[in-house]
Amino acid sequence: MRNSEIARVLRIISVYEDMMDGFFKARAYDRAARAIESLTEEAEDIYRRGGKEELMKIPGIGLAISEKIGDLIETGRTEHLEELKKRLPVDVEDLMGLEGVGPKTIKTLWQKLKIRDIAGLEKAARGGKIRELPRFGEKSEADILRSIEFKRKHSGRFLLGQALPVLEEIRGRLAKVPGVKRVIIAGSARRMRETIGDADFLVATSDPKRAMDFFQGMPDVEHVFSRGKAKVLVGLKSGMDADLQVVEEKSFGAASQYFTGNKDHNVALRRIAISKGMKLNEYGLYRGDRQIAGSSEEEVYEKLGLEWVPPEMRENLGEVETAAKGKMPDIIPYGSLRGDLQTQTSWTDGSNSIMEMASRAKELGMEYMAVTDHSKRMAFTGGLDERKLERQAREIDTANKKMRGFTILKGIEVDILRDGKLDLKDSALKKLDIVGASIHSSFNLSRKDQTERLVNAMENQNVDIIFHPTAREIQKREPCDLDMDAIFDKARETGTILEVNAMPNRLDLRDDHIRAAKEMGCKFSIDSDAHALKHFDYLLLGVGQARRGWLEKKDVINTLSLDRMLKELK
DNA sequence: GCCGTTTTCGGCCCGACTGTTTTCAGTCG
């Protein structure tokens, strides 16, 4: 069983414990889930190597939880959860996916109205039953319906950051199947869209049957929807649909173009082909019956008179015209970040020490990293006040002496309070190398108030970066209602950097915002917001979004050397 | 349920916000 699956089960138990007022147990399970998720090794491997004793060496995993993890690995289930499910037979995950619905609400819904899932909840809400519950009213009933509506709008899609590692693994396996010459992940995953609907694999092989047999026989496959000569469509156990398309090598480029999309981009390309007396399909670019391009994407674009368009830009949002003019921007390459300007450590809600985080960042080839733990308003994380911040500064000084060829910067993620004031004194912020400010509360202010709030923060001379500027959470919470033009304008005017936060569920700024901000002359940082060593991997997603926003290397300050990067700050 | 150089028992999870309230429970980060 994979770590993500184990963590999922632990989280469900955590919610159940919360419902039963097992408050501290809930916390323990939640912590254990996080611990498992941030492992760089599979828990199953650890267990196979040294049993539950070995699991118990992981901080946050004790006797009871290690046993349950053992059960999960051995049998795929744990008695504890089965018992809880008997007592409260509700779809916890389904309901918890709604903004504003938590453990206690779920419990009440079951006890008073026998509601098990979102479908039942929606029915009750539409029937005016929710407002009759204790501590609920018309407003909360309407809120619930709005949450359901929101979730529905995004249903059936998966976060890129969750899906990509799974898809990469499948890709790797496909590449080893005898006969397979080339294989890519196509579709929206290749375009690095923040969420993806299904997975598209494309293979060039001399033995199509073998590749298809392998694909549908993978342990990840729940059932096979259809299979033809060149295509298999399956449902994965994760709930995602996946298809495998098999083509000849001479068509691989045309097919990867065709299956990467998006649809509008492809239509635009086919129109150009027609206008030049050619025909473009998934097998190649043709003049009459003769294939004049097809084995590589590059030649397809070239023969159409276009510069090659990176997959992330293929949304028909002006890139085709730009490519036709030969004016494609040189968008930021993966792997070009030299530092990370937002990280959290065990001083607050991160899992690792300053030294551990810095060592990992260095290992990944970076030259600097800012430690930006939460400020005091984020009390549950142990957010830093002015005094604790000073203590942390001393630890950073010590750590820096131990690091070679790497610099740890003193920073903070300071809360922007409701009125636009900051959560820490200017005198404390002034001493830091880098100050990121962000919104973690009052997401629903009016556009005017919310915009003023952020503008106020940017006007502070100490605020260098606005972290996750819109505070959205993908599939859960809309971006704050902000006058983005005013924000971008103020960012440029004050020299405030805007962050592209790389967390899979944030990706904030969003691609279209990034592009708009760039056009207004803003500068950016791409940060992992890492809370654990593994989270540095998310930088890939951040760069992906930056590429979708047409950013070039020069737009992103943490592609610069430390000295030059610091000069970009206020 | 986890943890331990103040503790093997008794701490851990705090403050803001919202909607329901007339003093507070639930959610969020």
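Just so it is clear: chains get the letters A, B, ... in the order the sequence lines come, proteins before strands, and each one is counted from 1.
- Nucleotide B/dT8 has no partner under the Watson-Crick or G-U criteria, as no pair reaches both atom distances under 3.5 Å.
- Here B/dC12 is the nucleotide among B/dC17, B/dC12, B/dA25 with the atom lying nearest to any side-chain atom of A/R27.
- Taking the P atoms as reference points, B/dT27 lies 16 Å from B/dT21, given to the whole Å.
- Regarding A/I144, its CD1 atom lies at a distance of 14 Å from the P atom of B/dG26, rounded to whole Å.
- Contact annotation for A/P134: no contact, since no heavy-atom pair falls under 4.0 Å across all strands.
- A distance of about 9 Å separates the C1' atoms of B/dA25 and B/dT20, rounded to the whole Å.
- Toward the 5′ end of DNA chain B lies the nearest nucleotide of A/D143, the other residue of the pair A/H440 and A/D143 mapping further downstream.
- Closest to the side chain of A/E473, from the set B/dT27, B/dG29, B/dC2, is B/dG29.
- Across all strands shown, A/E138 has heavy atoms under 4.0 Å from sugar-phosphate atoms exclusively, and none from any base.
- When rounded to the nearest whole Å, the span between CD1 of A/I36 and P of B/dG1 equals 16 Å.
- The only member of A/K52, A/E54, A/E74 that meets side-chain hydrogen bond (donor to acceptor under 3.5 Å, both in side chains) when paired with A/Y47 is A/E74.
- As a whole-Å value, the separation of A/K139 NZ from B/dC17 P is 15 Å.
- In this structure, A/D527 contributes its side chain and A/L341 its backbone to a donor-acceptor pair below 3.5 Å.
- In this pair, A/F488 and A/H513 present their aromatic rings perpendicular. The plane angle is above 60°, beyond the 30 to 60° band.
- Per the geometry, CG belonging to A/D423 stands 13 Å off C1' belonging to B/dC14, to the nearest Å.
- Atom P of nucleotide B/dC2 and atom CG of A/D30 are separated by 14 Å, given to the nearest angstrom.
- Separating the P atom of B/dC28 from that of B/dT23 is a span of 26 Å, rounded to the nearest Å.
- Under a cutoff of 6.0 Å and an axis angle of 45°, A/R360 and A/F536 do not form a cation-pi pair.
- Atom name C1', nucleotides B/dT7 and B/dG11: the rounded distance is 9 Å, in whole Å.
- The same atom, C1', is picked in B/dT8 and in B/dC3; the two are 9 Å apart, to the nearest Å.
- Remark: A/K68 is in phosphate contact with B/dG1, judged by side-chain N or O atoms under 4.0 Å from OP1 or OP2.
- Ranking B/dT27, B/dG1, B/dG15 by closeness to the A/A379 side chain, first place goes to B/dG15.
- The ring of A/F24 lies on top of the base of B/dC12, close enough and flat enough: under 5.5 Å between centres, under 30° between planes.
- To the nearest whole angstrom, the two P atoms, one in B/dG1 and one in B/dT5, are 23 Å apart.
- Between A/I526 atom CD1 and A/N558 atom CG the span is 6.5 Å, to the nearest 0.5 Å.
- Here the side chain of A/S140 is nearest to one of B/dT20, B/dG1, B/dG29, namely B/dT20.
- Out of B/dG1, B/dG19, B/dT27, the shortest distance to the side chain of A/T105 is found at B/dT27.
- Among the nucleotides B/dA25, B/dG1, B/dC28, the one closest to the side chain of A/R135 is B/dA25.
- Along DNA chain B, the nucleotide nearest A/G102 and the nucleotide nearest A/G60 are compared for position; the residue whose nucleotide lies closer to the 5' end is A/G60.
- The residue A/S441 sits apart from the nucleic acid: no heavy atom pair falls under 4.0 Å.
- Comparing atom distances between the A/R418 side chain and each of B/dG29, B/dC17, B/dG1 picks out B/dC17 as nearest.
- Comparing atom distances between the A/R477 side chain and each of B/dC28, B/dG19, B/dG1 picks out B/dC28 as nearest.
- Among the atoms of the strands shown, only primed sugar atoms or phosphate atoms (P, OP1, OP2) are found under 4.0 Å from some heavy atom of A/L63.
- Comparing the P positions of B/dA16 and B/dT22 gives a spacing of 23 Å, expressed to the nearest Å.
- For A/K104, counting side-chain heavy atoms from C-beta on, the closest listed nucleotide (B/dG26, B/dG19, B/dG29) is B/dG26.
- Between A/L145 atom CG and B/dG19 atom C1' there is a gap of 16 Å when expressed in whole angstrom units.
- Between A/L81 atom CG and B/dG1 atom P the separation is 13 Å, expressed in whole Å.
- Nearest to the side-chain atoms of A/R377 among the listed nucleotides B/dG29, B/dG19, B/dA16 stands B/dA16.
- Taking atom NZ of residue A/K57 and atom P of nucleotide B/dC2, one finds them 17 Å apart after rounding to whole Å.
- When each of A/R31, A/R11, A/K534 is tested with A/E37 by the rule salt bridge (Lys or Arg N to Asp or Glu O under 4.0 Å), just one qualifies, namely A/R11.
- Between A/H535 and A/Y538, the ring-plane angle classifies as parallel under the 30° and 60° cut-offs.
- Nucleic acid contact for A/E99: sugar-phosphate only, since backbone atoms but no base atoms lie under 4.0 Å from a heavy atom of the residue.
- Geometrically, A/K114 engages A/W110 in a cation-pi contact, judged by NZ or CZ lying under 6.0 Å from the ring centre and within 45° of the ring axis.
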